[in-house]
Amino acid sequence: MLRRKPTRLELKLDDIEEFESIRKDLESRKKQREDAEVVAAGEEAAAAAAAAAIALGADHKSREQIINDRIGYKPQPKAGGRAAHFGTFEF
């Protein structure tokens with residue numbers, strides 16, 4: 001295997017300026033993203049508070065009832081007890 005001398009890298013002023021501009025651009029994007037997350041979190045908190053106020057209102061329902069209403073499930077009580085399933089056995 002042939003060995004060669006290490007290549008010398010030189011840092012030029014143009015390279016430094018390009019690096020600084022890219023770094024500033026990334027920092028500004030990060031700050032905008034963080035600001036957007038703060039605003040979104042505030043909106044979610046307001047929506048959650050409104051939902052809690054509605055849930056604690058005059059017609060308070062259990063979690064199970066809310067889910068059943070949302071999916072359209074209307075549970076019907078089972079007819080009878082054991083007799084409906086197994087018939088009437090007299091011992």
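Being a predicted model, the structure only gives us computed values, none of them experimental.
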Remaining members of the apolar cluster that contains Ile22, side-chain heavy atoms under 4.5 Å = Leu26

For the atom pair [atom1] ([X]) and [atom2] ([Y]), what is the distance rounded to the nearest 0.5 Å?
{"X": "Ser62", "Y": "Ile67", "atom1": "OG", "atom2": "CD1", "result": "8.5 Å"}
{"X": "Glu27", "Y": "Lys30", "atom1": "CD", "atom2": "NZ", "result": "8.0 Å"}
{"X": "Asp15", "Y": "Glu17", "atom1": "CG", "atom2": "CD", "result": "9.5 Å"}
{"X": "Leu11", "Y": "Phe19", "atom1": "CG", "atom2": "CZ", "result": "10.0 Å"}
{"X": "Ile66", "Y": "Ile71", "atom1": "CD1", "atom2": "CD1", "result": "12.5 Å"}

Contacts of Glu20 that satisfy salt bridge (Lys or Arg N to Asp or Glu O under 4.0 Å) - sequence neighbours left out = Arg23

Quick one: are Ser28 and Lys31 in side-chain contact, heavy atoms under 4.5 Å?
-> no

Would the number of heavy atoms belonging to other residues, nucleotides or ligands and lying under 6.0 Å from CD of Glu64 be above 12?
-> no

